[in-house]
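What follows is a set of notes on a single structure, which appears directly below.
So that the names make sense, note that chain A is the first sequence line, chain B the second, and so on, each numbered from 1.
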Amino acid sequence: MDKKQVIKHLEAIATYLELKGENAFKISAYRKAAQALERDDRSLNEIDDVGSINGIGKGTKAIIEEFIETGETETLNSLVEEVPKGLIPLLKIQGLGGKKLSRLYQELGVIDEATLRKACENGEVESMSGFGKKSVEKILKALDDASLRPDRLPVSYVIPIKEVIESHLRMMREIEDFSIAGSLRRLKETVKDLDFIVATDHPESVADQIVQLPMVTEVVSKGSTKVTVMVEGEWNISVDFRLIEPDHFVTTLHHFTGSKEHNVEMRRLAKEKGYKISEYGIEESESGQIHTFTTEEELFNFLDLPYLPPEIRETGEEVSIESLPELVDLQHIRSDLHMHTTWSDGAQSIDEMAEKAIQKGYEYMAITDHSKFLRVANGLNEKRLLEQNKKIKEWNEKHSELTILSGIEMDILPDGQLDFDEDVLKQLDFVIASIHSSFNQSEEKIMERLMTALESPYVDMIAHPTGRLIGKRDGYPVNLELFIDRAAETNTIIELNANPNRLDLSWNWLQVAQEKGAKVAINTDAHNFKMLDDMKVGVQAARKGLIKRETVVNTWSMNDLVRFLKQKKGD
DNA sequence: GCCGTTTTCGGCCCGACTGTTTTCAGTCG
């Protein structure tokens, strides 16, 4: 029995209560209890008395204890008997909440997708009070779309959509300021929809322009302060625009950046101090005076909080942080240590990549093409690698504004061997080891492969440690505790691969890595120069894990990095 | 269902929009 199971059980109770149309506060009490348990650092065994946790009272405590003891609870069992299981997925349909669904069940006998569809089609739903023609249309459409789309979309899918929308908003003259908000601004790995906050004195006109945008395929709703549209692509995604007066921009942005838990904590804190927060400002409860702000920094400072960047506004715990260490920021980045060129499967030459790195203000960078094992990527053999090495030396002699480190992204072979011998690796400035093959091996075998790389004094960094592609594949099985421990002990750098498909290692494990003293590099793994821009996404992901500037080796000077790498080799 | 030196009852974060109503409940973020 572990904590996750208990959390799931409490959440299941909440969902069933919702379907019963129970009191909303009762439902949220169960959800709060689940969250409280999740947020507690301790494992289930380490918690003496769950009742002592804030948010868990007598009732929930009894349920938790019953569940731990017997693996089930009377509460959920009777709920399951009362409420048909098939109703649960129907809660996801826009516009159907617990109350309405509960009525559909009780009055029409709707118990699952099929019966709901039938009740819509034969006119029963439309004839119910509170429902009408439009409700039926919406439900039917949702039922048709439901199977087409995953619940949440990978961040790599939505970033380009966000950027196109931004380019249109930038051209609208009546918009004073705008920003992405919501979970994309917090850089969740997957998101449900997009939220934009738009400051304007002409909301009607701007709303008219927004619904005319070329990517908009459907207008879901259009009011004086909010417009919701659908954007079709491989998957459909809904996009909200909040149109607000410029004075309210910052408080609205904060509000809709969330997370929900963050907002709840902020409001609680504000209330303690005698204020009331809404998207329109912070109101003094006594006098009714409303404060607005020009930056989010001001807003946080007003409540005596340090500036909390969007990425860390997740669990609500961040609100009680007393002081925040200096987190890594895009401006701190001095290099990119993982990229490819036309020598293997990249699209640009060494010169072109270097040119771009100079434009970004980097002081140094590493060229790390694939090694010979990766034939599909035109991996370099020893001869070509040393040729490239020579070319890079020549480049460095001609240029003073940037130094290129000669590197390689060397495969860790399926049998655990490294693709190059030590006498070759010795001649390089920066050696990356990574796995691109045999993902389906056992965890034991995968760990053997990773350990070989970690133990080699010539391997400086492990790239994309789990091999995952967000929303597409899970990656190979890694014992991350073990991996991180050994990386920290051997001073092997752990990569945060900034490619939005990867974000590997993930922020939550990076946080563990930092605690254990491991060093991190944020790299783009660029295969063309546009991809060098992914650095900003990588930095966001790192901040989400509260990664400090000093933990990230590519914020260091080149001399500091070279010294660190030498030490590792025992020189 | 949880919580509390403004408390053991009556709040619980707050506001907008839709679709259905004739003033608002339900849903959503």
For [X] and [N], what is the distance between atoms [atom1] and [atom2] respectively, to the nearest whole Å?
X        : N      : atom1 : atom2 : result
A/Lys26  : B/dG10 : NZ    : P     : 19 Å
A/Asp193 : B/dC17 : CG    : P     : 16 Å
A/Leu19  : B/dT27 : CG    : P     : 11 Å
A/Lys134 : B/dT21 : NZ    : P     : 14 Å
A/Glu18  : B/dT27 : CD    : P     : 8 Å
A/Leu90  : B/dG26 : CG    : C1'   : 17 Å
A/Lys32  : B/dC13 : NZ    : C1'   : 9 Å
A/Ile277 : B/dG29 : CD1   : C1'   : 16 Å

I want to check one thing: is the phosphate of [N], taken as OP1 and OP2, less than 4.0 Å away from some side-chain N or O of [X]?
X        : N      : result
A/Thr60  : B/dG1  : no
A/Thr228 : B/dC17 : no
A/Lys226 : B/dC17 : no
A/Lys138 : B/dG19 : yes
A/Ser28  : B/dG1  : no

Heavy atoms only, 4.0 Å cut-off, all strands: where does [X] land among base, sugar-phosphate and nothing?
X        : value
A/Leu96  : sugar-phosphate
A/Tyr30  : sugar-phosphate
A/Leu269 : nothing
A/Lys99  : sugar-phosphate

Discussion item. Going by ring-ring contact (aromatic ring centres under 6.0 Å, His included), name the residues that satisfy it together with A/Phe131, two or more places apart in sequence or in a different chain.
Written reply: none
Practice prompt. Give none if B/dC3 has no partner; otherwise give the nucleotide forming a Watson-Crick or G-U wobble pair with it, both distances under 3.5 Å.
Written response: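 Check on B/dC3: paired to B/dG10, both distances under 3.5 Å.
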Worksheet entry | Single hit among A/Val110, A/Leu108, A/Leu87 for side chain to side chain contact (heavy atoms under 4.5 Å, CB included) with A/Leu116 | A/Val110
By nearest atom, which of the nucleotides [options] is closest to the [X] side chain?
X        : options                : answer
A/Thr225 : B/dG15, B/dG1, B/dC17  : B/dC17
A/Ser221 : B/dG1, B/dG15, B/dC17  : B/dC17
A/Tyr280 : B/dG19, B/dA16, B/dG1  : B/dA16
A/Asp240 : B/dC13, B/dG29, B/dC14 : B/dG29
A/Arg267 : B/dC14, B/dC12, B/dT18 : B/dC14

Item to complete: For nucleotides B/dC13 and B/dC3, find the distance between their P atoms and express it as a whole number of Å.
Response: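 Taking atom P in both B/dC13 and B/dC3, they lie 13 Å apart.
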Practice prompt. For B/dC14 versus B/dT8, give the span between their C1' atoms, rounded off to a whole number of Å.
Written response: 27 Å
Practice prompt. Not counting sequence neighbours, which residues clear salt bridge (charged side-chain N to carboxylate O under 4.0 Å, His left out) with A/Asp329? List them please.
Written response: A/Arg543
Worksheet item: Would you say A/Lys192 has more than 12 foreign heavy atoms packed within less than 6.0 Å of its NZ?
Response: no
Practice prompt. Would you indicate whether A/Arg173, at its atom CZ, is surrounded by more than 12 heavy atoms from other residues, nucleotides or ligands within a distance under 6.0 Å?
Written response: no
Worksheet item: Taking for each residue the nucleotide of DNA chain B with the nearest heavy atom, is it A/Gly57 or A/Lys92 whose nucleotide lies nearer the 5' end?
Response: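 It is A/Gly57 whose nearest nucleotide is closer to the 5' end.
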Practice prompt. Between A/Lys100 and A/Gly130, name the one whose nearest nucleotide on DNA chain B is closer to the 5' end.
Written response: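 Nearest nucleotide further toward 5': that of A/Gly130.
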Worksheet item: Any side-chain heavy atom of A/Val155 sitting closer than 4.5 Å to one from A/Leu184?
Response: yes
